[in-house]
Amino acid sequence: MVSVSSDNERAEIAFGGSNMLHVDKLAERCEDECCTPPPLILSSKPTVDRHPLVREAFRLESITIGWMVIEAVAAIGSGIVSGSLVLLAFGLDSVIELISAGVLMWRLSVELRHGHMFSENAERIAGRIGGALLFALAAYVVVAAGWNLWTQHHGEFSAPGFIVTLLAIPIMRYLATRKIDLASRLGSRALRTDAVESITCGWLSVVAVVSLGAQAIFGAWWIDSAGSLAILWFLIKEGREAWHGECCADCK
């Protein structure tokens, strides 16, 4: 019996050592390749009732979709009429957030039907789609702003565009705050990414309001293009976070 017990103890030590080595290597890979260990991953047996939280997230995404439709139509329409690049970029970002909200609602519906362990694939898809679209938008802004600066093209001030970007600031603040809280409680990386997009949309609103206001006051032809380039940092930062969420999702 002593011999068997000793053998079992040695086997457990060896098995535990192997697991620890695997965990260490995985942690090193996460740190070296893309990210620190993610703080939002819940255990496979969550201690909270997730369904009310998921329904609340659904409600927030429904509000997001409704506002993004208004925001995108108003900003893109005003941008086309006035020739404002900053409004076009703001409107296109609204379309991206609209797509992200749709993907996230799909992810939440998967959890309601099958449980949160089955929603991981939707989490990864949300990060990939959001990151790729934001990088594409950043490229568009660079090309369009560079062309407008080269040709000295300038857009006109748009009152409807100014109003919708001004209203977006408090709306995005409310949505982002609620989404961040729910993302933490649900352990949802996709919802956190969507919250970051709401934060970014709020900052884009500030940039657009400042740019349009300065354009109306000073009338300088280059302000519109310069304002759109100021959006680039937010787009690239948000795109990287969304894209890295795919890599971080594997670091569990």
Side-chain angles (χ1 to χ4, degrees), residues 35-42 46-72 74-75 89-112 116 119 122-123 126-127 129-131 133-134 137 162-211 230-231 233-245 248-249:
C35 59
T36 56
L40 293 181
I41 302 302
L42 298 181
T47 58
V48 298
D49 184 3
R50 296 174 60 88
H51 279 200
L53 300 178
V54 172
R55 292 191 184 95
E56 172 67 9
F58 252 112
R59 186 185 70 85
L60 288 175
E61 293 307 318
S62 298
I63 296 174
T64 300
I65 288 176
W67 172 250
M68 284 301 119
V69 170
I70 297 172
E71 189 177 278
F90 180 73
L92 289 174
D93 180 74
S94 301
V95 173
I96 288 172
E97 190 164 351
L98 182 62
I99 295 172
S100 174
V103 172
L104 185 55
M105 289 191 77
W106 168 59
R107 172 255 184 269
L108 295 171
S109 66
V110 169
E111 174 165 348
L112 286 177
H116 81 285
S119 61
E123 294 268 344
I129 291 177
L133 289 175
L134 285 167
L137 176 59
F162 182 82
I163 292 172
V164 74
T165 53
L166 192 62
L167 289 174
I169 296 174
I171 293 174
M172 289 300 104
R173 178 180 176 83
Y174 166 75
L175 290 174
T177 301
R178 293 295 302 128
K179 289 177 184 178
I180 289 173
D181 177 62
L182 285 174
S184 177
R185 295 165 70 184
L186 284 169
S188 171
R189 191 172 301 281
L191 183 56
R192 184 172 62 177
T193 298
D194 191 68
V196 170
E197 291 182 3
S198 295
I199 294 171
T200 303
C201 185
W203 280 110
L204 296 182
S205 304
V206 173
V207 171
V209 166
V210 171
S211 177
I231 293 173
W233 182 84
F234 299 108
L235 296 177
I236 294 173
K237 177 179 180 293
E238 183 181 342
R240 288 186 61 187
E241 289 178 356
W243 191 268
H244 284 173
C248 292

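Both backbone and side-chain heavy atoms feed into the values below; hydrogens, waters and symmetry mates do not. Note that the numbering runs from 1 along the sequence shown for the chain.
- Under the 3.5 Å distance criterion, the side-chain polar atoms of T177 are matched with a main-chain donor or acceptor of R173.
- The side-chain contact (heavy atoms from CB on, under 4.5 Å) with C201 is formed by just one residue from the set D93, I169, I171, I96; it is D93.
- Residue L108 holds its CG atom at 7.5 Å from CG of L186, rounded to the nearest 0.5 Å.
- The line from CD1 of I70 to CD1 of I65 is 12.5 Å long, rounded to the nearest 0.5 Å.
- S198 and E97 are linked by a side-chain donor-acceptor pair at a separation below 3.5 angstrom, with hydrogens and angles left out of the test.
- Closest heavy-atom contact between K179 and A195: CB-CB, 3.5 Å.
- Side-chain contact between Y174 and L60 is present, with heavy atoms from C-beta onward closer than 4.5 Å.
- To the nearest 0.5 angstrom, W233 atom CH2 is 9.0 Å from W203 atom CH2.
- The distance from atom CG of D194 to atom CG of L175, rounded to the nearest 0.5 Å, is 9.0 Å.
- Closest non-hydrogen pair, V164 versus E71, comes out as CG2-CA, 3.9 Å.
- Atom CG of residue L104 and atom CZ of residue F58 lie 8.5 Å apart, to the nearest 0.5 angstrom.
- Here the side chain of T165 pairs a donor or acceptor atom with the backbone of F162 at under 3.5 angstrom.
- One finds the CG atom of L191 at 6.5 Å from the CD atom of E61 (value rounded to the nearest 0.5 Å).
- Other residues, nucleotides and ligands contribute over 12 non-hydrogen atoms within 6.0 Å of the CZ atom of R178.
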